[in-house]
2 protein chains.
Amino acid sequence: MSAVSAALFTMGKKITIYDLAEQLHVSPATVSRSLNNHPSISTETKTKVVRAAQEAGYKVNKFAANLSKQKSNTIGVIVPKLNSAFMSTILAGVEKIANEAGYNLIISQSLESMEKEKMNAHALFQSGVDALIVSLAYDTSTYDHFSNFTKVGIPVLFVDRVYPMENCSTIVIDNQQAGHDATEHLIQQGCKNLLHVSGHLNRSIYAERLQGFKNAMAKHHMEFTDANLLESDLDPNSVGELINHLQQINGAIDGIFVSNDRFAASCIKELQKLHYKIPEDIKVIGFNNDSICELMTPTLSTIDYPGYQMGVLAAQGVIGHLNGNIDLLPANSISLRHRLVVRESSSND
Amino acid sequence: MSAVSAALFTMGKKITIYDLAEQLHVSPATVSRSLNNHPSISTETKTKVVRAAQEAGYKVNKFAANLSKQKSNTIGVIVPKLNSAFMSTILAGVEKIANEAGYNLIISQSLESMEKEKMNAHALFQSGVDALIVSLAYDTSTYDHFSNFTKVGIPVLFVDRVYPMENCSTIVIDNQQAGHDATEHLIQQGCKNLLHVSGHLNRSIYAERLQGFKNAMAKHHMEFTDANLLESDLDPNSVGELINHLQQINGAIDGIFVSNDRFAASCIKELQKLHYKIPEDIKVIGFNNDSICELMTPTLSTIDYPGYQMGVLAAQGVIGHLNGNIDLLPANSISLRHRLVVRESSSND
DNA sequence: ATTTATTACGCAACCGATTGCATTAAATTT
DNA sequence: AAATTTAATGCAATCGGTTGCGTAATAAAT
């Protein structure tokens with residue numbers, strides 16, 4: 001390292017391509033092209049420039065680069081809640097890929113509110129993200145706040161909590177089949193009187209799981225009535241609703257399919273307090289394969305749900321599209337495989 | 001909305017201050033100042049400009065604004081893992097405040113590796129973040145990658161997994177006191193033979209908790225030996241080490257203080273498999289007050305740990321500093337209150 | 001040796017907003 | 001009425017890269 005550049009470096013002075021250009025007696029254009037490995041620059045000058053840049057501790061000014069390229073190298077993400085096991089798993093997958101590809105992530109949470117989701121979407125739009133990955137809030141019912149993006153060609157990709165918008169791909173699992181599998185499992189374990197504890201049915205994932213539940217019942221000649229369904233916000237504080245429901249219908253429920261492991265865990269805990277034996281009296285199956293499943297007593301049967309994979313795919317999808325590589329986004333919907341995981345809470349022995 | 005601006009709007013054409021300037025027969029400077037509510041612009045023109053901007057669907061180009069202001073309105077965050085209950089809780093707090101204050105968050109995870117942490121730090125530096133919030137990786141042992149920031153005056157704030165760097169504030173709890181409290185609780189419950197399962201001791205939080213553990217033992221005239229300590233990576237797969245340790249020391253451990261609820265849960269589960277009764281044979285206390293504590297059987301005693309608050313404070317700290325409001329950053333260290341939570345896993349009855 | 005391709009690089013406009021320094025017009029003071 | 005403030009706005013440079021187009025120099029073709 002030369003004395004001069006060492007001095008500049010330690011001084012923390014931000015050096016620009018103009019500085020390099022001057023130092024090397026070439027034009028800023030040449031410096032820029034060299035740094036970006038442009039074909040029309042000789043290998044000789046290229047290496048010269050690159051080395052000088054290194055020595056001088058040169059960093060591109062992203063603002064300037066973004067401005068002229070009209071591209072931010074940033075992906076926006078909106079999730080309902082950051083502090084949810086499942087969502088943070090998706091995020092971990094997204095981050096892994098984005099980071100490897102040199103993309104930044106701007107992450108925001110809607111806190112399950114459409115209003116905040118809108119605000120986040122606008123903020124991200126302003127920030128000039130190159131793509132948007134979204135998992136919808138509970139109560140989102142209009143979707144205009146995403147059309148800003150699609151209108152100007154910014155890809156929007158929905159993950160898990162999806163909505164079928166024009167030109168937007170979705171990454172999901174086959175929730176209906178999964179719901180069916182969970183339900184059929186309970187039936188096969190001998191349950192005669194089923195209950196499905198669902199999330200808000202305006203979110204398609206829950207509606208589809210319910211449909212799977214109904215299908216499985218029908219398949220096994222069981223009649224579905226209101227008594228078989230409890231729609232919940234799946235918040236731990238709402239466990240009381242389950243107990244109320246059980247008392248109201250006054251039927252001996254012997255199998256419960258809960259659309260979420262966390263809430264299933266809370267339910268089991270509460271049922272145990274009321275001296276129900278799980279699985280002897282009531283068999284329970286959850287959804288997600290949260291790490292909590294194996295830590296509970298009894299361990300919780302569930303549907304394994306590839307959150308990390310979904311995140312990975314989402315990131316690969318948008319980045320592949322942006323970079324013009326394998327472009328998954330023309331695909332309307334990508335559905336990942338789920339898996340029934342049988343544990344103690346639904347087993348007979 | 002005029003026909004012209006409506007047309008522009010639907011066309012998705014990006015309109016600039018120059019467009020507005022032309023349309024209104026004023027200079028771009030006036031438009032810019034009006035939009036930024038600069039005092040030297042008459043109220044009349046201000047409202048005129050603002051309204052026109054609204055109608056035209058004008059959005060500032062952040063790249064350009066960032067470039068000229070040399071400020072990104074973005075805060076960088078590096079956490080060890082996104083998909084950790086505790087970290088995502090911190091993040092939720094950070095996001096809440098940042099979002100309210102109009103700041104974006106660029107989040108990245110080090111995956112407990114110093115190398116990735118370095119790369120993330122550099123990437124964030126490149127991205128021109130205005131501030132950096134960090135929770136350190138397990139194996140981080142050098143800290144130069146943060147001095148780039150401090151050198152050019154970008155505030156760096158450590159949360160939870162901290163390191164005392166020149167000019168960097170930290171947000172923590174009193175880990176030593178907390179470790180002491182947890183330990184003393186076990187002693188008061190009658191435990192005579194303690195074990196502390198710690199995380200890597202090169203992370204100060206774990207070293208401090210261990211110190212608290214030692215202090216409590218000393219206070220109660222118990223001698224600390226190697227048998228009383230198991231250093232672990234706290235990964236669920238490492239539960240075997242605990243069992244090995246118990247067999248090796250061949251002493252009837254009757255109280256375990258685990259430095260992390262998740263791992264405590266795994267330990268309890270494993271101990272139960274080996275027919276230990278918790279709490280009768282062995283009392284256990286964890287750390288964090290993870291939501292899992294209340295879902296386990298037995299419910300897990302722990303130290304309540306204000307993760308969300310830490311996130312909130314971290315964000316408020318850097319933003320307050322950046323905006324020149326209440327500036328917490330001169331404070332070397334901010335310590336939040338912890339709380340002993342006694343549940344079944346450590347109770348006598 | 002002359003013409004035609006290639007290669008390597010520089011010029012200068014551009015991306016869109018910000019801001020110090022005039023400048024003009026209106027208001028106030030002397 | 002002349003001089004001085006004050007208020008409101010415009011000029012033009014600046015932030016740091018990027019990139020279309022032109023050009024000089026060298027190589028290849030005729």
Side-chain angles (χ1 to χ4, degrees), chain A residues 8 12-50 52-53 56-74 102 125-130 152-153, chain B residues 8 12-50 52-53 56-74 102 125-130 152-153:
Chain A
L8 281 172
K13 229 183 136 150
K14 58 271 161 200
I15 84 152
T16 73
I17 56 170
Y18 296 94
D19 299 330
L20 291 176
E22 192 179 7
Q23 178 188 328
L24 298 170
H25 308 296
V26 296
S27 75
T30 301
V31 174
S32 173
R33 291 200 175 96
S34 298
L35 261 20
N36 291 308
N37 200 30
H38 188 101
S40 80
I41 298 290
S42 72
T43 320
E44 189 189 5
T45 30
K46 237 179 232 175
T47 54
K48 192 174 63 178
V49 170
V50 169
Y58 167 80
K59 312 267 163 71
V60 293
N61 181 318
K62 292 252 177 151
F63 305 151
N66 289 343
L67 176 57
S68 69
K69 288 196 296 198
Q70 299 293 326
K71 179 171 186 305
S72 66
N73 236 57
T74 297
F125 187 72
Q126 294 268 18
S127 301
V129 295
D130 297 334
V152 297
Chain B
L8 281 174
K13 233 189 128 143
K14 58 271 160 198
I15 85 151
T16 71
I17 56 171
Y18 296 95
D19 300 330
L20 291 175
E22 192 179 8
Q23 179 189 326
L24 297 171
H25 307 294
V26 297
S27 76
T30 301
V31 174
S32 173
R33 292 202 175 94
S34 298
L35 261 20
N36 291 307
N37 200 29
H38 188 101
S40 78
I41 299 289
S42 73
T43 320
E44 189 187 5
T45 30
K46 237 179 235 178
T47 55
K48 193 174 62 178
V49 171
V50 169
Y58 167 81
K59 312 267 162 71
V60 293
N61 180 318
K62 292 253 178 151
F63 305 151
N66 289 343
L67 176 57
S68 73
K69 287 196 296 197
Q70 298 293 326
K71 177 170 186 307
S72 66
N73 237 58
T74 297
F125 187 71
Q126 295 267 18
S127 301
V129 296
D130 296 335
V152 297

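First the proteins, then the strands, lettered A, B, ... as listed; each starts at 1.
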Quick check for you: among [options], whose closest atom lies nearest to any side-chain atom of [X]?
{"X": "A/Gln70", "options": "C/dG16, D/dT9, C/dA17", "value": "C/dG16"}
{"X": "B/Ser42", "options": "D/dA8, D/dG16, D/dC21", "value": "D/dA8"}
{"X": "A/Ile41", "options": "C/dC9, D/dC15, D/dT18", "value": "C/dC9"}
{"X": "A/Ser27", "options": "C/dA17, D/dG17, C/dG10", "value": "C/dG10"}

Would you say A/Ser32 reaches D/dG17's phosphate, i.e. side-chain N/O to OP1/OP2 under 4.0 Å?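 Answer no for this pair, as no side-chain N or O of A/Ser32 is under 4.0 Å from OP1 or OP2.
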Tell me the interatomic distance from [X], atom [atom1], to [N], atom [atom2], rounded to whole angstroms.
{"X": "A/Lys71", "N": "D/dG17", "atom1": "NZ", "atom2": "C1'", "value": "15 Å"}
{"X": "B/Lys69", "N": "D/dG16", "atom1": "NZ", "atom2": "C1'", "value": "17 Å"}
{"X": "B/Ile15", "N": "C/dG16", "atom1": "CD1", "atom2": "P", "value": "11 Å"}
{"X": "B/Gln126", "N": "D/dG16", "atom1": "CD", "atom2": "P", "value": "14 Å"}
{"X": "A/Tyr18", "N": "C/dC11", "atom1": "OH", "atom2": "P", "value": "12 Å"}
{"X": "B/Asn37", "N": "C/dT19", "atom1": "CG", "atom2": "C1'", "value": "16 Å"}
{"X": "A/Leu67", "N": "D/dG17", "atom1": "CG", "atom2": "P", "value": "12 Å"}
{"X": "B/Asn36", "N": "C/dG20", "atom1": "CG", "atom2": "P", "value": "13 Å"}

Are any non-hydrogen side-chain atoms of [X] and [Y] less than 4.5 angstrom apart?
{"X": "B/Leu20", "Y": "B/Gln23", "value": "yes"}
{"X": "A/Asn61", "Y": "B/Leu67", "value": "yes"}
{"X": "B/Val31", "Y": "B/Tyr18", "value": "no"}
{"X": "A/Leu24", "Y": "A/Val49", "value": "yes"}
{"X": "A/Asp19", "Y": "A/Thr16", "value": "yes"}

Would a distance-only check, ignoring hydrogens and angles, find a side-chain to backbone donor-acceptor pair under 3.5 Å from A/Ser34 to A/Thr30?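 Indeed, once roles are kept as given, a pair shorter than 3.5 Å links the two residues.
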Donor-acceptor pair, B/Asn73 side chain versus B/Gly102 backbone, under 3.5 Å?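 Here the side-chain-to-backbone pair exists.
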Base, sugar-phosphate alone, or nothing: which one does B/Thr16 contact when heavy atoms must sit under 4.0 Å apart?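 Contact class for B/Thr16: sugar-phosphate only.
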Over all strands shown, is B/Val26 touching base, sugar-phosphate only, or nothing at heavy-atom distances under 4.0 angstrom?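 Sugar-phosphate contact only - B/Val26 comes under 4.0 Å of backbone atoms but never of a base.
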Nearest-nucleotide comparison on DNA chain D, the residue closer to the 5′ end among A/Ala29 and B/Ala64: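 The residue closer to the strand's 5' end, by nearest nucleotide, is B/Ala64.
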Looking at D/dG17, does its base get a donor-acceptor pair with the side chain of A/Arg33 below 3.5 Å?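 It does not, because no donor-acceptor pair links the side chain of A/Arg33 to the base of D/dG17 below 3.5 Å.
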Rounded to 10 degrees, the angle between the two terminal axes of the helix from C/dT2-D/dA29 to C/dT30-D/dA1, each from five pairs: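 What I find for the helix from C/dT2-D/dA29 to C/dT30-D/dA1 is an axis angle of 50°.
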